[in-house]
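Heads up: the structure comes next, in C-alpha cells.
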Amino acid sequence: MDTTNDANKGALSTLRIMLRRAPRMSLSQFNARLQYKKNKTGTYIKTFLGRRQRKYLCGKALELDLNGGERKQRRAQVEYDRKLIEKNHEIDKRRKEQRDTATAKLDAIVPCLVDADLAKMRVTDIVLQLHWHHMPKQKEDKLKEVPLETGKSEDEDEPDPPPLMPDKDEDHPDYDTKDDV
C-alpha cells in the first residue's frame, strides 16, 4: 500500500479535466473511456473482433445507456442536494436563534465596574460580564450610561505617568552629545 494518495489525486484531476471538456458526461461513461484507453481496447477490437461482433457490442452499450440508470442517479443526487439544503437552512435558523438569544441576554447585562460587586457575583454572572466586555459595539454605548464609581472625587486629577524616555537634556548622561574623540 502506498503511503500517499497521489494515484487518487491524479484520477480526480483527470476527472475534473474531462468534466471541463464534457460537462454532462456521466461517471460511468468517464470510467468506460478511461478503461478503454488504459486497456488499449481499441487495438483489441480492431485486431480480434469482426463487424458482427462490433455491432453487437454497440447495441449492448446503447442498451446500457438507454436503461435510465444515469438519469435515476442524477435525480437521486438532486433530491439529496435539496434535502441537504433544507437541513442546512434549519441548522442556520437554529444557530441564528441561539445567537439572537445570547445577544439579547448580553444586552440586558448592566456592566459591573466595581471590584466589590464582582466579589459577590456567581461564576456564571462573571462569565456573562466577561462576554459582555468582549462585545464590540454595545459596550461603548452602555459605558456612556454607567457612572464610574472609583471612590475618588472628580476634582482629583491622576498624576501623569512617568515618561518612557526622559526629555532630551544637555546634562543627561544618556544624551551626551559631546564627541569622545
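- Counting heavy-atom neighbours within 6.0 Å of Arg75 CZ, excluding the residue itself, gives a total of 12 or less.
- Separation of atoms CD1 (Ile109) and CG (Asp125) is listed at 8.0 Å; rounding is to 0.5 Å.
- Minimum interatomic distance between Arg74 and Arg24 (heavy atoms only, all atoms of both residues): NH2-O, 2.6 Å.
- Connectivity analysis of hydrophobic side chains (ILVMFWY, heavy atoms under 4.5 Å, direct or indirect) links Leu84 to Tyr80.
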inquiry  = Set out, in order, the CA-CA distance, both residues' side-chain angles and the distance that settles side chain to side chain contact (heavy atoms under 4.5 Å, CB included) for Asp107 and Trp132, then state yes or no.
reply    = CA-CA 8 Å; Asp107 283 342; Trp132 182 87; 5.8 Å; no
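- To the nearest 0.5 Å, the span separating CG on Leu15 from CG on Leu27 amounts to 6.5 Å.
- The heavy-atom pair separating Pro23 from Arg20 by the smallest distance is CD-O, 4.2 Å.
- A distance of 9.0 Å separates CE of Met121 from CG of Leu128, quoted to the nearest 0.5 Å.
- In this structure, Asn67 and Glu63 have side chains that are not in contact, with every pair of non-hydrogen atoms separated by 4.5 Å or more.
- In terms of modelled atom types and a separation under 3.5 Å, the side chain of Asn39 and the main chain of Thr41 share no donor-acceptor contact.
- Atoms OG and CG, on Ser28 and Leu64 in that order, are 8.5 Å from each other to the nearest 0.5 Å.
- The closest side-chain donor-acceptor pair between Gln35 and Asn31, if any, does not fall under 3.5 angstrom.
- With a 4.5 Å cut-off on side-chain heavy atoms, Met25 and Arg33 count as touching.
- Looking only at distances, a side-chain donor or acceptor of Gln129 sits under 3.5 Å from a matching main-chain atom of Cys112.
- Leu19 is not listed as a side-chain neighbour of Phe30, based on a closest heavy-atom distance of 4.5 Å or more.
- Within the structure, salt bridge (charged side-chain N to carboxylate O under 4.0 Å, His left out) contacts touching residues 83-97 (residues at least two apart or in different chains) are Lys96-Asp100.
- Counting Ile, Leu, Val, Met, Phe, Trp and Tyr side chains that sit under 4.5 Å apart, directly or through other members, Val127 shares a hydrophobic cluster with Val123.
- Taking hydrophobic clusters as Ile, Leu, Val, Met, Phe, Trp and Tyr residues chained together by side-chain heavy-atom distances below 4.5 Å, Leu34 shares a cluster with Met18.
- At a threshold of 4.5 Å between non-hydrogen side-chain atoms, the residues Ile85 and His89 count as touching.
- The two atoms that bring Leu106 and His131 nearest to each other are CD2-CB, 3.8 Å, heavy atoms only.
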task = Go through the steps for Arg16 and Leu12 under the test side chain to side chain contact (heavy atoms under 4.5 Å, CB included), then give the verdict.
result = CA-CA 6 Å; Arg16 287 182 180 161; Leu12 183 60; 3.8 Å; yes
